[in-house]
Number of protein chains: 2
Amino acid sequence: MERKRTKSGNIRLADVAELAEVSLITASRFFSNPGALSVGKRERVESAAKQLGYVPNLAARALASQRTEIIGVLIPSLTNSVFSDVLRGIYDASEGSRYSIQLGNTRYSILQEEKLLRVFQSQRPAGLIVTGINQTEASRAILQTMNCPIAQIMEIGPDPVDMMVGFSHYDAGFAAASHLLAQGFQRIGFLGARMDPRVQRRFAGYVDALKAASRFDPRYIVTTPTSTTVTLGGTLFADLLAQAPDIEAVFCVNDDLALGVLFECQRRHIQIPEQMAIVGFNDLEFMASAVPPLTSVRSNRYEMGKSAVTMVTAAIDGFRPQELVVDLGFKLMIRHSSIARRN
Amino acid sequence: MERKRTKSGNIRLADVAELAEVSLITASRFFSNPGALSVGKRERVESAAKQLGYVPNLAARALASQRTEIIGVLIPSLTNSVFSDVLRGIYDASEGSRYSIQLGNTRYSILQEEKLLRVFQSQRPAGLIVTGINQTEASRAILQTMNCPIAQIMEIGPDPVDMMVGFSHYDAGFAAASHLLAQGFQRIGFLGARMDPRVQRRFAGYVDALKAASRFDPRYIVTTPTSTTVTLGGTLFADLLAQAPDIEAVFCVNDDLALGVLFECQRRHIQIPEQMAIVGFNDLEFMASAVPPLTSVRSNRYEMGKSAVTMVTAAIDGFRPQELVVDLGFKLMIRHSSIARRN
DNA sequence: TTGTAAGCGTTATCAT
DNA sequence: ATGATAACGCTTACAA
């Protein structure tokens, strides 16, 4: 375990080459294309590298090769478990590849997103994954100049920057509301928090579904820009009951709110679904084991993250997918909480 | 918005210098130490950079300066909301600094941790944050060679690699069990999942507390290496009831399990806390708004992430903290679910 | 299969 | 305050 000392104190590829008695470039090739080396040299370089504890310098590699193996990822929240799932998909997929992930948290701010994009610019990432379709003009301009494959995730829409993986939140909101209507509920409330672009599109789906059935009433709607908590679900539900005591069902824009509503109903001894139907969104794991089990809209978040990485890495390698926009869809998980009394 | 084209197609500092009619190094100084420039040149460089849309190349900077502004972070899970909170603290703190975060997910595997540490080695991070104190021998060796400030987070223990921010999971487990004993419960169960090192230390605290009170009984213990879900909480609780029908209270090693127990009790019409007391761990937000509100152990996760970054960045700048080991403690949040019937 | 030479874009060093 | 020159550690030509 002797240690070569160079000016900088680091073991360089040159040190490995020297010990292995090969040229620098041969040592370099051992890492990029070992098959091109003769067996003897390959073994000598390998053992020399191990003996010296050589670790390649990524900065030097990036500078010389003019490319990195970094995929930049921009998500709006670290707390929201929706994004934990997406991230898990992203990290799982990246581990099967040679790419590493550089993560940025925009906190639901498109200005912060723009800022982080500028940071990413200096890293020269090989690919990019951004959340949603509501970038600023400046962000779009930056994305254009970065000329690397880009995936927008979480939702799909017109005018993709490059690739897209997601689903229609409008359709999902419409489907959730339609389900309640189909069950025969007439006075259907909406509880919304944070009201980010995707939440707003779910909301729009709800509004249109109710309007189509001539059941729309602004009194049924309670929203807040505040971020989501379970406790908030209870509070918003209390507000809703206050302004529309005859409400029969609630569509909560996410499952945390739905859980809060469940607890509030338990507190008030409101029977679910007999006196109040509940539908959530995201289908977090606890929805199925709640009492009663809660209806929700399942999206393929893990898959979304995984696909985004797969698409981006494939595109980096020159294999651009046939379909640039991938709709992963959603699935209404109908459970006891939204089954009509009369059924 | 004209665009300079160089061999590589990128705008280099040299292009900025040329346009500003200063030397390369003067342009460089504009970014590292603008105060050292005369006003005239400063303005010329600034406008030239803006005009060309210059973006510094981090790889070149890292290579030339022999340092980066990357802090590597290794956590065991992206799904566990405990780590979302820690991460939020980490990212929030990093945004106030000039450092960016490089995240790795070890999935509770110390071998994966070792692997990721090797990846980090090639990036030459300026600082490192790792989870827990159970690194492999090889990992410890790698950490030693990276000579950068390192913070171990989540728990504290003997023999820190460098710095530490966390709390004693043993003490917390002991405190939770002691609380139930103090309330007069005699047959106190333990529900555990995933059984990572910190969970095991909480378990050890529980065991010792019960033994000290001569209330320990292996029949009261149900654990599984499986990862945690709310549903699993219900299942484990059912197992516990089967093997110890006379159980009076349960200490769940995390809040998801506790929520699962709550639901299972609701399903079985078991009154909380009259027939069954529940204590969870982590104090996730929903614990306070459950029906009844659930007792839990609160840890300062967000602070933990934030402090780790603060300590590491301070150390990078040469300001090593007085106290290398910081105990952030924990707090028993006593709520209705664990108040004894006889009180 | 192997090697030589010339960068990659920036900062450190040493002058002036 | 400003500049010339030599690194930094690696890869991409191109050559043999």
Side-chain angles (χ1 to χ4, degrees), chain A residues 4-46 48-49 52-70 98 121-124 126, chain B residues 4-46 48-49 52-70 98 121-124 126:
Chain A
K4 263 246 144 171
R5 283 275 149 221
T6 60
K7 229 173 295 181
S8 69
N10 288 320
I11 289 120
R12 314 188 311 298
L13 196 50
D15 303 324
V16 175
E18 191 185 353
L19 180 62
E21 294 179 303
V22 298
S23 73
L24 174 60
I25 188 64
T26 301
S28 168
R29 276 197 267 262
F30 170 76
F31 292 99
S32 54
N33 182 15
L37 270 63
S38 64
V39 199
K41 300 208 174 181
R42 192 184 324 167
E43 281 166 358
R44 263 152 56 202
V45 174
E46 180 161 26
L52 296 172
Y54 170 71
V55 177
N57 183 321
L58 253 38
R61 192 175 272 179
L63 184 58
S65 67
Q66 293 288 77
R67 51 196 164 65
T68 66
E69 296 185 337
I70 294 172
R98 62 184 187 290
Q121 257 185 307
S122 338
Q123 328 223 71
R124 315 278 137 106
Chain B
K4 263 246 144 172
R5 284 275 149 222
T6 60
K7 230 174 290 181
S8 71
N10 288 321
I11 290 119
R12 312 186 314 294
L13 197 49
D15 303 325
V16 175
E18 192 184 353
L19 180 62
E21 295 178 303
V22 297
S23 74
L24 173 59
I25 189 62
T26 301
S28 170
R29 278 197 266 263
F30 170 76
F31 292 98
S32 55
N33 182 14
L37 271 63
S38 64
V39 199
K41 298 206 175 183
R42 193 183 325 171
E43 281 166 357
R44 264 151 56 203
V45 174
E46 180 161 27
L52 295 172
Y54 170 72
V55 176
N57 183 321
L58 253 39
R61 191 174 275 181
L63 183 57
S65 68
Q66 293 288 79
R67 51 194 166 65
T68 66
E69 296 185 337
I70 295 172
R98 63 184 187 288
Q121 258 186 306
S122 339
Q123 327 223 70
R124 314 278 137 107

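Letters A, B, ... mirror the listed sequences (proteins, then strands); counts begin at 1.
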Hey, does the side chain of [X] come within less than 4.0 Å of [N]'s phosphate (OP1/OP2), counting only N and O?
| X | N | result |
| --- | --- | --- |
| Gln66(A) | dG9(C) | yes |
| Arg61(B) | dT10(C) | no |
| Lys41(B) | dT2(D) | yes |
| Ser28(A) | dT11(D) | yes |
| Ser38(B) | dA1(D) | no |
| Arg67(A) | dT12(D) | yes |
| Ser65(B) | dT11(C) | no |
| Ser23(B) | dA4(D) | no |

Measure from the side chain of [X], starting at C-beta and using heavy atoms only, and say which of [options] lies closest.
| X | options | answer |
| --- | --- | --- |
| Ala60(B) | dT10(C), dG9(D), dT2(D) | dT10(C) |
| Asn57(A) | dT12(D), dC10(D), dC8(D) | dC10(D) |
| Arg12(A) | dG9(D), dT10(C), dT2(C) | dG9(D) |
| Leu63(A) | dG9(C), dA4(D), dT10(C) | dG9(C) |

Expressed in angstrom and rounded to an integer, what is the separation of [X] atom [atom1] from [N] atom [atom2]?
| X | N | atom1 | atom2 | answer |
| --- | --- | --- | --- | --- |
| Leu58(B) | dT10(C) | CG | P | 10 Å |
| Arg44(B) | dT2(D) | CZ | C1' | 12 Å |
| Leu52(B) | dG9(C) | CG | P | 14 Å |
| Ile11(B) | dT10(C) | CD1 | P | 11 Å |

Heavy atoms under 4.0 Å, any strand shown: does [X] hit a base, just sugar-phosphate, or nothing?
| X | value |
| --- | --- |
| Ile25(A) | base |
| Leu24(B) | base |
| Phe31(B) | nothing |
| Phe30(B) | nothing |

Donor-acceptor pair (no angle test) under 3.5 Å: Arg124(A) side chain, dG9(C) base: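 By the distance-only test, no, there is no pair.
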Before we go on, tell me: are the rings of Tyr54(B) and Phe31(B) under 6.0 Å apart, centre to centre?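 Centroid distance Tyr54(B)-Phe31(B): below 6.0 Å, so yes.
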